[in-house]
K.L.:
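Could you have a look at this structure, given as structure tokens, before my questions?
Numbers for residues simply follow the sequence, beginning at 1.
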Amino acid sequence: MKKSLIFLLCISMSLPTIMAKKKASFMSSLSKIPGVTSVRQIQSEKFKERYILTFRQYIDHNDTSLGTFSQRIIVGNVNEDSSTVVVTEGYSAAYTEKPSYREELSSILNANSVIIEHRYFNESVPDIKDRESYWEHLTTYNAATDHHRIVEAFKTIYKGKFIATGVSKGGICANLYRMYYPKDVDITVPYVAPLCNGVEDKRMAIMVGNYAKKGKRQDEGMMMRNFMEYLFQNRNQYLKLLDNYISENNLECRISLEELFDLTVLDMRVALLARGEVKRIPEWDKAPIDSIFKFVAKYGSPEGFTPTYDNMPYYVQAARELGHYAYDDNEFGNLLSIKSTTDYLRRTALPDEIQCKYDPETHHRAMDFLNSTDAHMLFIYGEYDPWTSVGIKDLVNNPNIYIFINPGNCHRSKINNFPKELKEKIIDILHSWLREKQ
């Protein structure tokens with residue numbers, strides 16, 4: 001009995017050492033991945049261990065002589081034999097460093113997580129002094145090849161299946177990554193991912209305009225439209241507040257205050273619908289003017305119509321390849337001060353050095369791929385999300401691709417907030433794909 005107690009005591013004392021060695025061993029494995037230039041452990045409440053890596057990427061994968069830059073990656077480790085979810089983030093990945101963060105798919109599938117910050121955002125920005133050539137290398141091909149090189153590198157340590165996913169612009173990236181490199185991953189799950197057909201895709205303007213005319217939420221739509229009409233009719237009360245907002249936030253504004261106010265109010269509606277928060281509209285006949293303006297600025301984001309916007313690199317991609325959405329100039333008639341919203345992206349937010357035309361080739365290539373591929377792909381959308389109107393639902397006729405619309409939901413649609421029966425169906429499909437032999 002005494003010997004048994006001594007043995008158990010020895011085992012319990014050695015466990016922390018064994019675990020520490022295992023962590024050190026995995027950290028060592030990460031540092032040996034081809035292309036990894038630094039590894040730092042961070043806290044996690046959802047993974048047994050989590051790390052921030054930097055990865056050496058080429059500024060232009062077609063011309064490696066231009067040099068490299070560091071791309072940030074956040075890794076959550078479960079097991080080297082588990083599946084791995086690769087998040088093709090469309091913007092900065094800073095928010096994913098929180099100890100409480102874990103994206104949905106890696107949680108549902110108990111998978112490893114590899115989150116890739118998009119090039120030209122936050123800590124993943126190339127150091128290019130020549131501003132005229134700076135934006136040339138921000139292409140969907142280069143971004144997809146960033147993902148390709150990282151996935152190939154991580155296949156040296158992770159042996160299970162790979163799943164690519166992303167939300168919104170990240171969903172676009174997951175979709176296009178599969179298009180450029182169809183054999184890299186086993187499953188692709190884009191969330192609320194648009195596929196716009198031009199810089200000003202009119203389908204969204206039609207959708208948001210119809211919101212007040214028909215459907216289950218017609219009352220909400222009318223409330224929103226009435227609020228917008230009130231704002232346009234009383235614009236003079238808000239222009240001074242908008243001017244102060246620009247000064248306080250050091251915004252560079254290229255258009256008149258009147259035009260900026262129009263665009264801010266028009267975009268407020270898109271944001272309210274996308275977030276599913278139309279009911280948050282204040283009682284404009286009772287609320288103080290400054291609180292109403294704060295509401296408009298929160299959702300309409302005036303900074304989004306300036307070249308100093310944090311996510312402005314997205315606008316460069318939108319103008320060149322990804323496309324964006326249009327507004328309906330005629331919907332509010334003479335209430336608008338802006339003569340035309342056409343070309344608003346270029347006039348308000350694109351860098352001066354950008355001289356480009358939208359090239360539809362990426363859109364056409366994506367359409368051809370989605371309508372012919374046999375890849376395992378599952379798209380998630382929200383029924384009342386304005387971005388669903390510029391998604392793939394009405395563009396793709398391929399029995400191999402699953403498209404699920406979350407009833408009554410918005411741009412925040414997740415598998416976990418689908419109705420029970422649909423949620424179980426989605427998860428069953430994913431598990432069936434994972435069970436297939438590699």
Side-chain angles (χ1 to χ4, degrees), residues 88 90 104-105 140 163-179 182 187-211 213-218 221 269-271 273-276 318 321-326 328 360 362-419 421-430 433:
T88 56
E104 183 181 65
L105 271 187
T140 56
I163 304 113
T165 190
V167 177
S168 195
K169 179 169 176 275
I172 302 174
C173 295
N175 182 16
L176 297 183
Y177 170 41
R178 194 65 185 263
M179 178 189 81
I187 300 167
T188 301
V189 184
Y191 287 74
V192 294
L195 188 62
C196 294
N197 61 19
V199 183
E200 293 172 15
D201 192 326
K202 290 181 169 54
R203 290 177 295 164
M204 188 184 289
I206 294 170
M207 183 272 185
V208 297
N210 284 339
Y211 198 76
K213 299 175 184 176
K214 59 185 180 181
K216 299 175 185 175
R217 297 190 175 179
Q218 187 175 355
R269 173 166 57 174
V270 175
L273 283 170
R275 299 184 198 183
E321 292 182 87
L322 299 182
H324 200 48
Y325 54 83
D328 184 352
T362 301
H363 176 83
H364 294 325
R365 183 173 174 180
M367 289 296 305
D368 290 343
F369 170 75
L370 290 170
N371 279 296
S372 61
T373 185
D374 60 359
H376 290 329
M377 301 184 74
L378 189 152
F379 287 76
I380 300 291
Y381 289 103
E383 181 183 7
Y384 291 110
D385 180 11
W387 290 100
T388 298
S389 66
V390 291
I392 72 163
K393 181 178 176 290
D394 298 323
L395 303 177
V396 173
N397 183 20
N398 184 341
N400 296 312
I401 289 181
Y402 288 86
I403 302 172
F404 285 90
I405 309 293
N406 197 340
N409 219 302
C410 59
H411 205 59
R412 291 169 169 165
S413 291
K414 300 290 183 186
I415 295 169
N416 281 328
N417 58 32
F418 266 80
E421 188 175 326
L422 283 173
K423 173 184 171 180
E424 290 174 351
K425 184 176 181 180
I426 292 168
I427 293 174
D428 284 346
I429 291 169
L430 295 174
W433 286 342

K.L.:
Are I426 and I380 close enough that some pair of their side-chain heavy atoms sits under 4.5 Å apart?
P.N.:
yes

K.L.:
Hey, are the side chains of L430 and I415 touching, using non-hydrogen atoms and a 4.5 Å cut-off?
P.N.:
yes

K.L.:
Taking atom CG of D428 as the centre, report whether more than 12 heavy atoms of other residues, nucleotides or ligands fall under 6.0 Å from it.
P.N.:
yes

K.L.:
Going by salt bridge (Lys or Arg N to Asp or Glu O under 4.0 Å), name the residues that satisfy it together with R365, two or more places apart in sequence or in a different chain.
P.N.:
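Testing R365 for salt bridge (Lys or Arg N to Asp or Glu O under 4.0 Å), a comparison that skips the adjacent residues, returns none.
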
K.L.:
Using a 4.5 Å cut-off on heavy atoms from C-beta on, say whether the side chain of L176 contacts that of L322.
P.N.:
yes

K.L.:
Listing request: all salt bridge (charged side-chain N to carboxylate O under 4.0 Å, His left out) pairs with a residue in residues 196-211, at least two apart in sequence or in separate chains.
P.N.:
D201-R203

K.L.:
Where is the tightest heavy-atom contact between I401 and T373, given as atom of each residue plus distance?
P.N.:
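In this case the closest contact between I401 and T373 is CD1-CG2, 4.1 Å.
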
K.L.:
Main chain of P182, side chain of Y177: is a donor-acceptor contact present, judged purely on distance under 3.5 Å?
P.N.:
no

K.L.:
Applying side-chain contact (heavy atoms from CB on, under 4.5 Å), can you list everything that pairs with H411, at least two apart in sequence or on another chain?
P.N.:
S168, V192, A274, D385, W387

K.L.:
Determine whether F379 and L195 satisfy the following criterion, side-chain contact (heavy atoms from CB on, under 4.5 Å), listing intermediate values before the conclusion.
P.N.:
CA-CA 12 Å; F379 287 76; L195 188 62; over 6 Å; no

K.L.:
Can you sort out the partners of R178 under salt bridge (Lys or Arg N to Asp or Glu O under 4.0 Å), two or more places apart, ordered by chain and number?
P.N.:
none

K.L.:
Looking at T188 and A164, would you say the former's side chain and the latter's main chain have a donor-acceptor pair under 3.5 Å?
P.N.:
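No; zero donor-acceptor contacts below 3.5 Å.
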
K.L.:
Please list, chain by chain and in numerical order, all residues satisfying salt bridge (Lys or Arg N to Asp or Glu O under 4.0 Å) with E424, sequence neighbours excluded.
P.N.:
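E424 satisfies salt bridge (Lys or Arg N to Asp or Glu O under 4.0 Å) with K420 once adjacent residues are dropped.
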
K.L.:
Listed by chain and number, what are the side chain to side chain donor-acceptor pair (under 3.5 Å) partners of N416, not counting sequence neighbours?
P.N.:
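Scan of N416 (side chain to side chain donor-acceptor pair (under 3.5 Å), adjacent residues dropped) gives E104, K423.
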
K.L.:
Assess the residue pair V167 and K414 against the criterion (side-chain contact (heavy atoms from CB on, under 4.5 Å)); give the C-alpha distance rounded to whole Å, side-chain angles, the decisive distance to 0.1 Å, and a yes or no.
P.N.:
CA-CA 9 Å; V167 177; K414 300 290 183 186; 3.6 Å; yes

K.L.:
Do N175 and M377 touch side chain to side chain, with heavy atoms closer than 4.5 Å?
P.N.:
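Side-chain contact under 4.5 Å: yes.
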
K.L.:
Do Y384 and L273 touch side chain to side chain, with heavy atoms closer than 4.5 Å?
P.N.:
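The answer is no; the side chains never approach within 4.5 Å.
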
K.L.:
Does atom CZ of F404 have more than 12 heavy-atom neighbours from other groups under 6.0 Å away?
P.N.:
yes

K.L.:
Are N197 and M367 side-chain neighbours, meaning at least one heavy-atom pair lies under 4.5 Å?
P.N.:
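A side-chain contact is absent here, since even the closest heavy-atom pair is not under 4.5 Å.
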
